[in-house]
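See below for the structure under consideration.
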Amino acid sequence: MSCETNLEYFQNALDSKENWALKMLSSWPKFTSFPVPENLIQFGPFSECQNFHHKISLNSSQMLHGQYCLTSYSSMLWHDFDETSIEYINDTIIEENTIIFKNGICLPASCTSQQIFDFVKSFLRETNFIVLNMFCQKKEEISFQLIDFAVLFIISVLIILTLSGTFLNHKVENTNCNKFLQSFSLFSNFKNLISNDNKNTSIDCLNGLKVISSLWIIIGHRMNMMIEYPNQMKLFMSFEEKIILRIAEMYTSIVDTFFVVSGILVSIKCMKLFKNQKFNYLNFCFSRFSRFVPPLTIIFLFFMSTLPKLIINGPQMSEFEEELEDCRESWIKSLFLLGNFSENLCLRHTWYATVDFQLFIISPAIIYGLFKFGQNFVKMIVVIILLGQINIFILKFSSNVEDEQEEDLFYDNTRYRFMPWFIGIMTGYIMQNVETNSNLLRKKFRALSWVLSCASLIVLEFIRSNQNLSLVIKALYAASHRVIYSCAIAWIIYACHNLKSGSFVRIFLSHRYWRPLSKMCLSIYLGKLSENFI
C-alpha cells in the first residue's frame, strides 16, 4: 500500500478510536513549548515502534509496519516571525537562543521522511509548533557484504598473529628468532609499554601533558555529542555544571598541545639527523605515514561495514548515517591523509592525523633553515606566524564569520593550524641549541613567566566564553588565541625540562606513571572518538 493510503487508514482508525491506532499515537511523546530539561528530548519507544505491525484486514495479507522518526521542532512562542516566513527544512532558522525540542514519533514505514514531515506539519498546523527537521528509521534486514568479510579477515589475522607471537615469545628465548611474529607478542609489547628507556634524554613532562590533553579532548567530544545544543542546556544548569561544561569546551584549544609537542619532537629529531648527516626524507615521511595508516585503515573499514549496525541501534542514528555517507565519498582521501582537501572528511576527528602529517612533511625545510642559519632563521619563522595571524584576522573581520562557520573554516585547515607546530619547532631548537644563561635562571624571571603563562590561559578562556564581544575583539581572538596558548604550553615544557622549574607541576607532569598511557595517546584518540559515532 502507498504512503497516502496508509496515512489515511491510520487517520480513519484514529477517528474510530481503534486500539492499534491509539496505541501507535500514544507512543508519541507530548509536544510541548514548556522548556524544562525532561521535555527537550523525548525519544519515545524506539524498539516498540520498529517492531510494530498491524494486519490491515482479516482477508488481506497486507501489513502496516511502524517507522520511527525523530522530529526536531520549536514553538512560535520562541520566534518573532509568523509561519508563512518559515523555511521548514532549512536549519538557519535555529537561532542561538532558540529552544529546540526533539520528539520520537511512530508512523507507517511505507512513507518517506518528506511525506511524514508534511504529514506532521499539517497535523500540527493548528498549534504554535514549528517542525524543523526529521530523521526516520525503518527496521532493516542486515546482510553481509564483501567489506564485512574483509574486516573479519583482518581482525582474524591480527588475532592469530598476536596469539602466535605471544606463544613464541613465551617459549623461545632467542629474541632474534621470528622478530616479525614477536612484534605482535603481548609480553614484549607490554614490556615496551611500561619501559623507561632513555630516561636521561627523554622529555618526561610531555607524557603528562599528552595524557591529560587526550583525556580532556575525549571528554569534551563526548559532552559535545551528549549536549547537542549547549546554549539552551545552560538555561537549566547550576553554576557548578556550567563551570564543568565551560572547562570541557576548552578541548578545541587543547588539541594545539599536540601540535606544539609534535613540533618539538620533530625539531629535536631532525637536528640530530642533520648533525650526523643521516637524514633521509623518504624514510622520514614514511615513518609518520606508516604510523597513521594502519589504525585508520582498520577504523575506516570497520565503520563502513555493516558490523557496527549489528551492535548499535537507536534514535540518534542520523549522526552515524551522516558520517557513513561522508566516509563513502572521501575515505580514500582521508586514508592517504588528504581528507581536509575534500568537503567531507571520513570521521571528522581524523582531521588531526591529516593536518599533523601535512605539517610533518614540510617540517624538514623549516628545521634545516634553523640548523643552517641558527637564530637568524627564528626571525623568519616569527614573521611567517605573524603573517598567518594577519590572514586570519582579515578573514574573520572582513567576512564576519560566525562561530560554527569559523570552526569549519579554520579548525581542520592546515593553512590556519601551522602556527602551534612552528612554535613547537622553535621551542625544540631552543631546547637543543641555546644554552640557558643567567637571566633565564633568575627566579624572578621564571616566576613572572609562569604567572604570564597561566594568566594568558585564563584570559583566553574568559574571552572565548564571552558572547558579547565586538567584531574587532573576536577577530583578534581568532588570530591570536592559538599562538598565545601554544607559547604558554611551550614555556611549560621548556621550564620543566630545561630549567627544572615548576615545582609540583614538573613533578606531576613528569611522573613515570604517565609514560605507558602517553605511548597510546594516538590509538586512544582515534579509537575512542570513533566510538562516539558508533
Side-chain angles (χ1 to χ4, degrees), residues 195-213 254 256-276 359-360 363-364 366-382 385 419-457 482-515 517-519 521:
S195 66
N196 201 25
D197 298 334
N198 300 322
K199 187 175 180 180
N200 295 327
T201 58
S202 62
I203 307 174
D204 292 331
C205 63
L206 297 184
N207 297 326
L209 276 174
K210 287 166 63 178
V211 174
I212 293 171
S213 298
I254 301 296
D256 291 318
T257 301
F258 288 96
F259 287 133
V260 175
V261 169
S262 295
I264 290 173
L265 296 177
V266 171
S267 178
I268 293 174
K269 180 180 180 179
C270 285
M271 286 290 178
K272 291 180 179 178
L273 292 174
F274 288 144
K275 186 176 182 179
N276 298 325
L359 290 170
F360 184 86
S363 293
I366 305 297
I367 299 169
Y368 185 77
L370 287 171
F371 176 77
K372 194 73 174 176
F373 303 105
Q375 296 186 37
N376 291 328
F377 198 77
V378 171
K379 300 175 184 177
M380 183 173 292
I381 298 177
V382 171
I385 292 174
M419 292 172 284
W421 187 285
F422 280 19
I423 289 171
I425 288 176
M426 289 191 295
T427 305
Y429 167 78
I430 293 171
M431 293 172 69
Q432 285 291 102
N433 297 278
V434 178
E435 295 184 3
T436 304
N437 56 43
S438 59
N439 290 330
L440 291 180
L441 291 173
R442 291 176 182 171
K443 290 185 178 181
K444 290 183 179 180
F445 178 85
R446 281 183 284 175
L448 178 62
S449 298
W450 276 103
V451 170
L452 288 175
S453 297
C454 295
S456 64
L457 296 178
R482 299 196 187 281
V483 172
I484 296 172
Y485 175 85
S486 301
C487 288
I489 295 298
W491 163 255
I492 292 173
I493 296 170
Y494 178 77
C496 289
H497 182 69
N498 285 58
L499 302 181
K500 307 302 179 186
S501 174
S503 184
F504 68 91
V505 175
R506 175 175 59 84
I507 296 172
F508 177 72
L509 294 177
S510 304
H511 201 285
R512 61 189 178 91
Y513 289 149
W514 294 120
R515 180 177 288 271
L517 286 174
S518 72
K519 295 179 179 180
C521 278

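Counting begins at 1 with the first residue of the sequence.
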Problem set entry | Rounded distance [0.5 Å steps], CG in Asn376 versus CD1 in Ile381 | 11.5 Å
Problem set entry | Taking every non-hydrogen atom, the tightest pair across Trp514 and Phe508 | NE1-O, 2.6 Å
Seminar exercise, completed: To the nearest 0.5 Å, atom CG of Leu206 lies from atom CD1 of Ile489 at 10.5 Å
Exercise. How many angstroms lie between atom CG of Leu273 and atom NZ of Lys269, to the nearest 0.5 angstrom?
Worked result: 6.5 Å
Exercise. Should Leu209 and Val260 count as side-chain neighbours, where that means a heavy-atom distance under 4.5 Å?
Worked result: no
Problem set entry | Criterion side-chain contact (heavy atoms from CB on, under 4.5 Å) on Leu509 and Ile212, from CA distance to verdict | CA-CA 9 Å; Leu509 294 177; Ile212 293 171; 4.0 Å; yes
Exercise. Can you tell me how far CD1 of Ile264 sits from NE2 of His497, rounded to the nearest 0.5 angstrom?
Worked result: 9.5 Å
For this session: Over all heavy atoms of both residues, which pair between Val266 and Ser363 is shortest? Give the atoms and the distance, please.
Result: CG1-CB, 3.9 Å
For this session: Could you tell me the separation between the OG1 atom of Thr427 and the CD1 atom of Ile492, rounded to the nearest 0.5 Å?
Result: 11.5 Å
Exercise. Is there side-chain contact between Leu448 and Leu452, with heavy atoms separated by less than 4.5 Å?
Worked result: yes
Exercise. Does atom NZ of Lys275 have more than 12 heavy-atom neighbours from other groups under 6.0 Å away?
Worked result: no
For this session: Quick one: sort the Trp491 and Trp450 rings into parallel, tilted or perpendicular, breaks at 30° and 60°.
Result: perpendicular
For this session: Show your working on side-chain contact (heavy atoms from CB on, under 4.5 Å) between Ile385 and Met426 and close with a plain yes or no.
Result: CA-CA 11 Å; Ile385 292 174; Met426 289 191 295; 3.8 Å; yes
Problem set entry | N/O donor-acceptor pair under 3.5 Å between Asn498 side chain and Met431 backbone | yes
For this session: Classify the angle between the aromatic ring planes of Phe377 and Phe373 as parallel (below 30°), tilted (30 to 60°) or perpendicular (above 60°).
Result: parallel
Problem set entry | Inter-residue atom distance Met380.CE - Leu370.CG, 0.5 Å rounding | 10.5 Å
Seminar exercise, completed: Taking every heavy atom of Val211 against every heavy atom of Ser518, the minimum-distance pair comes out as CG2-N, 3.5 Å
Problem set entry | Taking every non-hydrogen atom, the tightest pair across Ser453 and Ala488 | O-CB, 3.9 Å
Exercise. Just by modelled atom types, is the Ile425 backbone N or O under 3.5 Å from a matching donor or acceptor in the Ser267 side chain?
Worked result: yes
Exercise. Short question: side chain of Ser213, backbone of Lys210 - any donor-acceptor pair under 3.5 Å?
Worked result: no
Exercise. Is any side-chain heavy atom of Ile203 closer than 4.5 Å to a side-chain heavy atom of Ile268?
Worked result: yes
Exercise. Hey, are the side chains of Val378 and Tyr429 touching, using non-hydrogen atoms and a 4.5 Å cut-off?
Worked result: yes
Exercise. Between the side chains of Thr257 and Tyr485, is a donor N or O closer than 3.5 angstrom to an acceptor N or O?
Worked result: yes
Problem set entry | Residues Asp204, Arg512: salt bridge by 4.0 Å N-O rule | no
Problem set entry | Trp421 and Ser262: side chain donor to acceptor below 3.5 Å | no
Problem set entry | Stepwise side-chain contact (heavy atoms from CB on, under 4.5 Å) check, Asn207 with Ser510 | CA-CA 7 Å; Asn207 297 326; Ser510 304; over 6 Å; no
